[in-house]
Asker: 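Take a look at this one; I'll ask things after.
Counting from 1, the numbers follow the sequence of the chain as shown. All values derive from a computational prediction rather than experimental measurement. Values below: every heavy atom of this structure, side chains too, minus hydrogens, waters and symmetry copies.
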Amino acid sequence: EVQLQASGGGLVQAGGSLRLSCAASGFTFNGGEIGWPAIGWFRQAPGKEREGVSCIHVHDGVTYHSDSVKGRFTISKDNAENTVYLEMNSLKPEDTAVYYCAADPSVFGSSCLTQGWYDYWGQGTQVTVSS
């Protein structure tokens, strides 16, 4: 069974940093059980639609970021740990949201920022940035 466990959220002041983790189980990052997935981070603020933040293709490490986080957020993977990280720096109050990670092997290119492509989702982790 594919499972994704997101963690690392919390309360931070504007300008601060947080690192989110997305630990995967039920598949590995080596082209096994579900092929070569893309792993994406999405967020949903109160009263807003869920939006793509950053994503990474496991097979080649290519990453994409939304314009709102480009230059501030970094997504990376640890194949040995089967975990994807989202390093968030220079946080702003508008980054406040519940952050979700998702995985799917049928996602290509920058489409990994589009939530509709993903079948596997983890629970969210709350990130709150105070001004």
Asker: Please name the pair of heavy atoms, one in His57 and one in Cys112, separated by the smallest distance, quoted to 0.1 Å.
Answerer: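 For His57 and Cys112, the tightest heavy-atom pair comes out as NE2-SG, 3.7 Å.
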Asker: Restricting to non-hydrogen atoms, name the atom on Ser66 and the atom on Gly52 that form the minimum distance, rounded to 0.1 Å.
Answerer: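 Nearest heavy atoms, Ser66 then Gly52: CB-O, 3.5 Å.
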Asker: Quick one, Pro37 and Asp104 - any side-chain contact, counting heavy atoms below 4.5 Å?
Answerer: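 Contact flag for Pro37/Asp104 side chains = no.
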Asker: How long is the gap from CD on Glu1 to OG on Ser25, to the nearest 0.5 Å?
Answerer: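 Spacing of CD (Glu1) from OG (Ser25) equals 7.5 Å.
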Asker: Give a yes-or-no answer on whether the side chains of Asn89 and Ser17 include a donor-acceptor pair shorter than 3.5 Å.
Answerer: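 Result is yes, a qualifying pair exists.
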Asker: Looking only at non-hydrogen atoms, find the nearest pair between Ser21 and Thr83 and report the distance.
Answerer: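 Minimum heavy-atom separation between Ser21 and Thr83: CB-CG2, 4.2 Å.
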Asker: Show me the pairs that pass salt bridge (Lys or Arg N to Asp or Glu O under 4.0 Å) and involve residues 41-52, at least two apart or across chains.
Answerer: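 Qualifying pairs, neighbours excluded: Arg43-Glu51, Arg43-Asp95.
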Asker: Report the C-alpha distance between Leu18 and Tyr99 in whole Å, list the side-chain angles of each, state the deciding distance to 0.1 Å, and finish with yes or no for side-chain contact (heavy atoms from CB on, under 4.5 Å).
Answerer: CA-CA 12 Å; Leu18 279 175; Tyr99 283 71; over 6 Å; no
Asker: Residues two or more places apart in sequence or in another chain: which of them pass side chain to side chain contact (heavy atoms under 4.5 Å, CB included) with Leu113?
Answerer: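 With sequence neighbours excluded, Leu113 shows a side chain to side chain contact (heavy atoms under 4.5 Å, CB included) to Cys55, Tyr64, given in chain and number order.
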Asker: Who else is in Trp121's hydrophobic cluster (ILVMFWY, side-chain heavy atoms under 4.5 Å, direct or via others)?
Answerer: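 Traced through the cluster, Trp121 reaches Phe42, Val98, Tyr100, Val107, Trp117, Tyr118.
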Asker: Considering non-hydrogen atoms only, spot the tightest contact between Ser54 and His65 and give its length.
Answerer: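 It is OG-ND1, 2.7 Å.
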Asker: Between Met88 and Val12, is there a shared hydrophobic cluster once you connect ILVMFWY residues whose side-chain heavy atoms come closer than 4.5 Å?
Answerer: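 Yes, it is one cluster - the side chains of Met88 and Val12 are joined through contacts under 4.5 Å.
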Asker: Shared ILVMFWY cluster between Trp36 and Leu4, side chains joined below 4.5 angstrom?
Answerer: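 Cluster IDs for Trp36 and Leu4 match.
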Asker: Are the side chains of Trp41 and Ile56 in contact, using a 4.5 Å heavy-atom criterion?
Answerer: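 Side-chain contact under 4.5 Å: no.
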Asker: With side chains defined as the heavy atoms from C-beta onward, is the minimum distance between Thr125 and Leu20 less than 4.5 Å?
Answerer: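 Side-chain contact under 4.5 Å: yes.
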Asker: Please tell me if the side chains of Arg72 and Lys92 come closer than 4.5 Å, counting only heavy atoms from C-beta onward.
Answerer: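 A side-chain contact under 4.5 Å exists here.
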Asker: Could you check whether any side-chain heavy atom of Glu87 comes within less than 4.5 Å of a side-chain heavy atom of Ile75, counting everything from C-beta outward?
Answerer: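 No. Closest side-chain heavy atoms not under 4.5 Å.
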Asker: Quick check: closest heavy atoms across Val58 and Lys77, and the distance to 0.1 Å?
Answerer: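 Between these two residues, the closest heavy atoms are O-CE, 3.2 Å.
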